[in-house]
Amino acid sequence: MRGIWQLAILGAAIAAVVLVVSGFLLFEHGGKSPSASTGPDQTSTISYGNAEISAKAPPKPVAQGGPYQRIVVIRPKDKRSGVPIHGAKVTIQGEMTSPHYMGPLYEKKLREVARGEYEGPYTLVMAGDWRFVIVVTTKKGDTSTRSLPVHVIG
């Protein structure tokens, strides 16, 4: 009987964590519309966790991959000290937000190109409004997230 209660408590704890993380992602703009805080292809303003994550994803010229491919650049810093975070695992995943929700695309791990700067290409599949969900996990296992809105013109 004790094992059943332990499983029930563990399940409730996992569900609570999932709800909290989902709430952060759903309400990432603090009640404001995304266009009120950022324009297309500009840095979003809110990071969750102990890292302040700056991000950009400018379009590549048509000759180098077309309007659907972006080079995503992420620069996480410790919120308390302001020191760049080196040696982290940084992943991004594209999600279409408009004209319809497509669901998440593939997850991509970015490589560290300079101390505390991560980058890599990411190809979206069609014109519309997208967001990159960014996850930074430090060597110690601390995870921070951020969302970056991206507008794609096809």
Side-chain angles (χ1 to χ4, degrees), residues 13-61 64-154:
I14 291 171
V17 168
V18 168
L19 286 173
V20 168
V21 170
S22 298
F24 280 138
L25 292 174
L26 287 173
F27 298 107
E28 67 192 279
H29 294 288
K32 300 176 186 172
S33 73
S35 60
S37 60
T38 62
D41 302 323
Q42 296 194 11
T43 304
S44 59
T45 58
I46 300 172
S47 294
Y48 295 99
N50 292 324
E52 182 62 41
I53 303 168
S54 66
K56 63 181 180 177
K60 289 181 75 175
Q64 296 179 3
Y68 302 141
Q69 189 173 63
R70 304 298 167 119
I71 297 296
V72 183
V73 179
I74 308 296
R75 292 184 185 99
K77 293 182 179 181
D78 183 89
K79 281 185 179 176
R80 291 184 198 197
S81 68
V83 174
I85 297 174
H86 168 65
K89 176 184 175 190
V90 178
T91 61
I92 58 171
Q93 189 168 29
E95 292 182 349
M96 183 172 232
T97 58
S98 178
H100 55 274
Y101 178 74
M102 179 179 281
L105 296 180
Y106 62 98
E107 182 179 276
K108 173 137 186 166
K109 183 178 177 183
L110 301 184
R111 62 186 175 87
E112 191 168 10
V113 295
R115 189 168 188 83
E117 182 175 315
Y118 302 81
E119 106 176 13
Y122 197 97
T123 303
L124 301 167
V125 296
M126 64 188 295
D129 291 319
W130 293 81
R131 72 174 163 210
F132 285 118
V133 176
I134 303 159
V135 179
V136 175
T137 305
T138 67
K139 292 178 192 177
K140 294 179 180 179
D142 184 46
T143 300
S144 299
T145 62
R146 177 173 221 157
S147 178
L148 175 68
V150 176
H151 182 71
V152 176
I153 299 172

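Only heavy atoms go into these numbers, but all of them, side chains included; no hydrogens, no water, no symmetry mates. These numbers were taken from a predicted model, which means no experiment stands behind them.
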Least distance between heavy atoms, [X] atom then [Y] atom:
{"X": "Gly116", "Y": "Pro76", "value": "O-CD, 3.5 Å"}
{"X": "Trp130", "Y": "Val125", "value": "CH2-CG2, 3.7 Å"}
{"X": "Ala51", "Y": "Ser144", "value": "N-OG, 3.0 Å"}
{"X": "Thr145", "Y": "Val135", "value": "CG2-CG2, 4.1 Å"}
{"X": "Gln93", "Y": "Glu107", "value": "NE2-N, 4.1 Å"}
{"X": "Pro99", "Y": "Ala127", "value": "CD-O, 4.4 Å"}

Inset, instruction - Would you list the pairs meeting salt bridge (Lys or Arg N to Asp or Glu O under 4.0 Å) in which at least one residue belongs to residues 80-91, sequence neighbours left out? - result: none
Legend entry - Pairs touching residues 110-124 that satisfy salt bridge (Lys or Arg N to Asp or Glu O under 4.0 Å), sequence neighbours left out: Arg75-Glu117
Inset, instruction - Identify whether the distance between the nearest side-chain nitrogen and carboxylate oxygen of Glu95 and Arg131 falls below 4.0 Å. - result: yes
Inset, instruction - Hey, can you tell me if Tyr122 and Tyr106 have their rings parallel, tilted or perpendicular (30° and 60° cut-offs)? - result: parallel
Legend entry - side-chain contact (heavy atoms from CB on, under 4.5 Å) partner of Asp142, chosen from Val136, Asn50, Thr137, Asp78: Asn50
Rounded at 0.5 Å granularity, tell me how far [atom1] in [X] sits from [atom2] in [Y].
{"X": "Ile134", "Y": "Ile74", "atom1": "CD1", "atom2": "CD1", "result": "3.5 Å"}
{"X": "Tyr118", "Y": "Ile85", "atom1": "OH", "atom2": "CD1", "result": "7.5 Å"}
{"X": "Leu148", "Y": "Arg70", "atom1": "CG", "atom2": "CZ", "result": "9.5 Å"}
{"X": "Leu110", "Y": "Thr91", "atom1": "CG", "atom2": "OG1", "result": "7.5 Å"}

Legend entry - Asp129 backbone acceptor or donor facing Thr97 side chain under 3.5 Å: yes
Legend entry - Donor-acceptor pair, side chain of Thr138 and main chain of Ala88, under 3.5 angstrom: no
Close side-chain approach of [X] to [Y], heavy-atom, < 4.5 Å:
{"X": "Lys79", "Y": "Ser47", "answer": "yes"}
{"X": "Ser54", "Y": "Lys77", "answer": "no"}
{"X": "Phe132", "Y": "Leu105", "answer": "no"}

Inset, instruction - Sequence neighbours left out, what passes side chain to side chain donor-acceptor pair (under 3.5 Å) with Ser98? Give chain and number order. - result: none
